[in-house]
Peer 1: 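Quick one: this structure, given as structure tokens, is what I'll be asking you about.
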Number of protein chains: 2
Amino acid sequence: MAGRKRQVEDAPIDLVSRIQRVEARLSPAERQVAAAVAADFEAATRLTIAELAGRAGVSQPSVTRFCRSVGCSSFADFKIRLATTLTVAAAYLKTDRVFSDDIGQLAQSVMMRAANAVRAALDQLDTAALGAAIEALAGARRIDIYGMGGGSASLVEDAKLRLFRLGVPVSAYVDGHQARMSAAVLQPGDAVLAISNSGRSRAIVEAVQIAGSFGAVTVALTRPGTPLAEAAAIVVPMVIAEDDNVLVPTPSRYAHMAVIDTIATGVAERLGARGREALRRVRYTVASIGVAIPTPSTDPTVLMRGRGVRE
Amino acid sequence: MAGRKRQVEDAPIDLVSRIQRVEARLSPAERQVAAAVAADFEAATRLTIAELAGRAGVSQPSVTRFCRSVGCSSFADFKIRLATTLTVAAAYLKTDRVFSDDIGQLAQSVMMRAANAVRAALDQLDTAALGAAIEALAGARRIDIYGMGGGSASLVEDAKLRLFRLGVPVSAYVDGHQARMSAAVLQPGDAVLAISNSGRSRAIVEAVQIAGSFGAVTVALTRPGTPLAEAAAIVVPMVIAEDDNVLVPTPSRYAHMAVIDTIATGVAERLGARGREALRRVRYTVASIGVAIPTPSTDPTVLMRGRGVRE
DNA sequence: CAAAATCCTGTAATTGGATTACAGGATATC
DNA sequence: GATATCCTGTAATCCAATTACAGGATTTTG
């Protein structure tokens with residue numbers, strides 16, 4: 001099973017967004033499978049390979065190949081992951097509203113982009129790196145947050161507030177000089193969180209290098225393979241396509257914000273009982289939303305529901 | 001004892017509670033399977049029959065019999081249902097485990113809350129008001145943005161950048177005094193964008209009132225029925241539940257950001273050909289990736305426009 | 001423009017997981 | 001104590017899924 005033409009990416013958390021993300025790279029037959037799956041996601045979780053192949057009009061091995069291409073180890077794995085994704089998506093992303101006016105369609109476009117960015121972030125999340133980042137920040141005596149450029153400024157501000165509320169001493173800098181100066185007074189036991197989608201801001205990279213040389217743990221939320229990713233000790237990699245057209249809002253902010261929220265929540269948990277209680281409430285809320293899904297049921301004792309009736 | 005020993009109940013939606021409920025009626029071997037499954041629900045979704053039988057210390061057919069007893073038609077069916085149940089029920093099932101053991105679970109909770117907030121915003125969007133807001137801001141000679149409180153600061157910053165990039169003269173204030181001072185020098189032809197989830201910040205309300213009294217058009221993105229909503233000429237109503245627990249990230253930021261992005265994009269469109277081209281690209285991008293939501297409904301046109309390239 | 005290489009995709013074979021059939025054994029009941 | 005019933009494992013069978021392979025299409029290069 002060595003040496004496939006297309007590398008198999010790690011197991012996706014959000015399979016639907018993964019399928020969309022790689023669709024362009026799929027072969028024609030595989031794309032037909034993707035279309036067949038997209039035509040009825042729900043059914044795809046119950047079909048056999050032969051049935052799905054029939055719907056897509058391709059051979060059975062093409063279905064298996066499709067599953068591998070979207071990051072699953074087997075068809076069975078694909079079905080499990082799809083079922084999981086669908087449950088989550090059904091609970092959170094369903095909207096029945098149809099917009100007929102221009103403004104409504106505009107809003108829908110923009111917001112779906114935002115939602116997709118969050119899902120894309122979830123899909124490609126390196127949970128190990130994220131765990132390490134949480135660990136590092138939770139254990140820090142003091143945290144410096146660096147971000148540069150217009151887009152990052154508000155993110156940095158947001159991250160600062162997030163961690164500040166947890167009672168962690170935190171400073172945020174969007175200015176290169178100030179960031180470097182602050183980095184120079186860090187000590188072992190301190191931590192840095194650097195945020196940059198491009199990963200190429202020289203000032204941030206230098207500030208991170210300085211902080212590292214003084215013994216601080218450096219965490220970067222950025223694109224892999226960039227100078228910033230090289231400079232930081234812990235990298236949470238995140239590739240979000242940037243539209244270089246300044247008029248179009250970049251959805252990467254949503255992705256970064258979501259990652260930051262996750263980090264903050266993880267740190268909250270690490271900080272003891274108070275944080276854990278908060279976390280429990282997050283989970284409770286999540287589960288409650290699940291309950292809200294309208295579903296014909298025959299069992300009143302059931303606490304939570306997935307999708308409605310099958311078929 | 002008439003009839004069959006155990007009737008096969010209908011397909012369960014919440015498999016976990018079903019297992020617990022029927023456990024007393026299971027045979028010893030089946031109960032061992034139940035115990036093995038309960039020991040690690042997550043793993044059970046990936047195991048083969050042989051592996052699960054091994055863990056339970058029973059034969060493979062006993063596993064199949066167990067699946068039937070809990071209402072599933074087959075082992076495969078059991079796995080799919082279990083995976084579905086786990087997704088929704090993760091919060092309850094894992095209460096005893098350290099949550100950060102599974103960063104992915106945490107990320108999924110946090111990020112789906114974010115996506116959900118965006119969806120909620122879209123669902124309740126008042127497109128007429130949004131259109132009026134876009135109209136007002138696009139026609140303004142100068143725009144002041146007001147926001148108050150920790151959560152709004154980064155939003156205001158973000159909105160400022162957004163509009164700034166469109167070439168609109170824009171100022172942002174998160175300080176009450178400064179906001180009021182700035183409002184006092186506004187003139188007819190200027191516009192104010194006030195952002196507040198609570199709508200109760202006295203400083204913002206006053207600033208908006210001042211701006212209005214000097215002839216500026218006032219737009220508020222806030223909760224309806226609040227003082228701020230009363231004070232502003234144009235209100236884009238938005239009700240997002242706030243969790244008052246400061247440790248939990250509030251997803252309302254995502255909703256507000258999405259609305260602001262929509263406004264900014266709409267303004268861009270109004271500002272001429274360049275803006276319109278940008279907008280076309282947004283829509284195109286969305287259309288190509290926007291297949292988005294798996295929905296029980298069979299109507300694929302609900303969520304996406306022009307996804308037609310498929311065949 | 002021709003030739004070669006690479007990639008795609010279906011057919012066929014094989015593997016192995018899941019189910020069914022069956023029989024031995026335990027338990028309860030009369 | 002005998003019988004009937006139910007439980008559970010072994011073995012056989014079936015079928016879904018994967019792998020191997022080859023033919024054909026497309027692209028690249030000389």
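Labels below follow one simple rule: chain letters A, B, ... track the order of the sequence lines, proteins then strands, and each chain is numbered from 1.
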Peer 1: Starting from P on dG16(C), measure out to CD on Glu51(B) and report it in whole angstrom.
Peer 2: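 My rounded result for the distance is 13 Å.
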
Peer 1: Look at the side-chain N and O atoms of Ser62(B) and state whether any lies under 4.0 Å from the OP1 or OP2 oxygen of dG9(D).
Peer 2: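 The answer is yes; a side-chain N or O of Ser62(B) sits under 4.0 Å from OP1 or OP2.
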
Peer 1: Tell me: CZ of Phe78(A) to P of dT18(D), nearest whole Å?
Peer 2: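 Taking CZ of Phe78(A) and P of dT18(D), I get 12 Å after rounding.
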
Peer 1: Base, backbone or nothing for each nucleotide of nucleotides 17-24 of chain C, written B, S, -, heavy atoms under 4.0 angstrom, 5' to 3'?
Peer 2: -SBB----

Peer 1: Between Phe78(B) and Phe66(B), does the ring centroid distance fall short of 6.0 Å?
Peer 2: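 Yes, they do, as the ring centres are separated by less than 6.0 Å.
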
Peer 1: Kindly indicate, with the supporting measurements, whether the criterion salt bridge (charged side-chain N to carboxylate O under 4.0 Å, His left out) is fulfilled by Arg46(B) and Asp77(A).
Peer 2: CA-CA 8 Å; Arg46(B) 301 198 201 86; Asp77(A) 186 40; 5.7 Å; no

Peer 1: Which heavy atom in Ser196(A) sits nearest to a heavy atom in Leu228(A), and how many Å separate them?
Peer 2: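 Residues Ser196(A) and Leu228(A), closest heavy atoms: CB-CD2, 3.7 Å.
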
Peer 1: For dC7(C), does OP1 or OP2 lie under 4.0 Å from any side-chain N or O of Ser27(A)?
Peer 2: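 Result: no.
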
Peer 1: Is there a side-chain contact between Ser59(A) and the phosphate of dT11(C), meaning an N or O under 4.0 Å from OP1 or OP2?
Peer 2: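 The answer is no; no side-chain N or O of Ser59(A) sits under 4.0 Å from OP1 or OP2.
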
Peer 1: Applying salt bridge (Lys or Arg N to Asp or Glu O under 4.0 Å), name anything that partners Arg200(A), two or more places apart in sequence or on another chain.
Peer 2: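 Scan of Arg200(A) (salt bridge (Lys or Arg N to Asp or Glu O under 4.0 Å), adjacent residues dropped) gives none.
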
Peer 1: For Leu26(A) and dC7(C), what is the distance between atoms CG and C1' respectively, to the nearest whole Å?
Peer 2: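 Value for this atom pair: 15 Å.
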
Peer 1: Write down the atom of Ala34(A), the atom of Leu26(A), and the distance for their closest heavy-atom approach.
Peer 2: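 That would be CB-CD1, 4.2 Å.
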
Peer 1: Just how far, in rounded Å, is P of dC7(D) from CZ of Phe66(B)?
Peer 2: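 So the CZ-P distance, Phe66(B) to dC7(D), works out to 16 Å.
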
Peer 1: Side chain to side chain donor-acceptor pair (under 3.5 Å) with Ser74(B): which residues, sequence neighbours excluded?
Peer 2: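 Partners of Ser74(B) by the side chain to side chain donor-acceptor pair (under 3.5 Å) criterion come out as none, since no residue qualifies.
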
